[in-house]
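Let me begin by presenting the structure, written as structure tokens, before commenting on it.
Ligands are counted one by one from 1 in listed order, and the atoms in each one are counted from 1 as well.
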Amino acid sequence: MNRDPGASNSSPQPRYLGRFAPSPTGPLHFGSLVTALASYLEARRHHGGWQLRIENIDPPREMPGAIDRILHALELFGFEWTGPVVYQSTRLEAYQEALMRLEQAGRAYPCACTRREVRQSAREGLDGPVYPGTCRAGLPAGREGRSIRVRTDGAEIEFADRFQGALAIDLEQDMGDFVVLRADGHVAYHLASAMDDGAQEITHVVRGVDLLYSTPRHIHLMKLLGLQVPEYAHLPVVLNRQGQKLSKQTGARELDPDRPVAQLHTALVALGQRPPAKLKRARLQELWQWAEAHWDPAILTGVRELQLPE
Ligand code: GLU
């Protein structure tokens, strides 16, 4: 069974190329399944491709064995991706080269501030403290650069999110210059994600609304690096019964490899779809057929939170 229209498309680049980009900080849980499923079904609805990218550039947070468990779970649940899996760990040279280019163009600079110093001197913005620009004009005497920040210089970022509507962000005022190389020497998520969506020529990013305010930063970097900016669709996040976002930190359990159909069924229900109850006991292929034929994301418009179905 090959459900890979992206590869069979005669033009080299499909009109729609989506992706799923899990971090191997742990195995997939129900919240990850919801994101994977929605981004996959959107790609299928557009007769597009869907790539898998493993965001393994954060060794301190990586869990040994998580990559294999993620790949195994996605296969078991019947996801089929377009082309080879992309590993961010193989892209470190490209990230370094981009950092150099940004610095040489005067778009990025070394910063000596510790997290605590930033917290103490910054006002709260849309997504955490707004960096006050302490090291923008050069490192203070006697201090050494710890991280690298990208300049935001009055950047106005506007985009129309498929689910969350139009956003207009004054990047400098609302978020401030942000870190692209962390003090521990690892590339920041924002740089790696923006560069890879650009390099993979992703046309549509579907991901959780918890990353909504990452997007203006990604668009800013893509523009600076001359990369094509995709369309964005930020999905509501799934809350557990205590009203917390499902995540490893809130104790979300690993997907059960013995019950792919039932969990996909529940994920469809969480996403506002109405699969017949009898599909819970159907074969995997039947469930996918129903999902692809009936997927309707309109119900997610303007929604920020989803409840875990009973
Ligand atoms: N790696 C991120 C995560 O697992 C997702 C990044 C993205 O979709 O841009 O939360």
Ring-face cation of Arg136 near Tyr109 (centre distance under 6.0 Å, axis angle within 45°):
no
May I ask you to check whether Phe163 and His234 place their ring centres under 6.0 Å from each other?
no
Looking at Tyr213 versus His218, is the centre-to-centre ring distance below 6.0 Å?
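Not under 6.0 Å, so no.
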Heavy atom of the protein closest to atom 3 (C) of ligand 1 (residue, atom name, distance)
Ser23 OG, 3.6 Å
Closest non-hydrogen protein atom to atom 8 (O) of ligand 1, residue and atom name please, with distance?
Arg19 NH1, 2.7 Å
Mark up the atoms of ligand 1 that fall under 4.0 Å of a heavy atom belonging to [X], in ascending order.
{"X": "Tyr189", "value": "6 (C), 7 (C), 9 (O)"}
{"X": "Glu55", "value": "1 (N), 2 (C), 5 (C), 6 (C)"}
{"X": "Ser193", "value": "9 (O)"}
{"X": "Arg207", "value": "7 (C), 8 (O), 9 (O)"}

Purely on distance, is any nitrogen or oxygen of Ala21 under 3.5 Å from one on ligand 1?
yes
Between Lys278 and Glu286, does any NZ, NE, NH1 or NH2 come within less than 4.0 Å of an OD or OE carboxylate oxygen?
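No salt bridge links Glu286 with Lys278.
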Which segment of Leu211 sits under 4.0 Å of ligand 1 when only heavy atoms are counted:
side chain
Looking only at atom types and distance, does a side-chain atom of Thr82 sit under 3.5 Å from a main-chain N or O of Trp50, one as donor and one as acceptor?
yes
Would you give the length of the straight line joining atom CZ of Arg143 to atom SG of Cys111, rounded to the nearest 0.5 angstrom?
8.5 Å
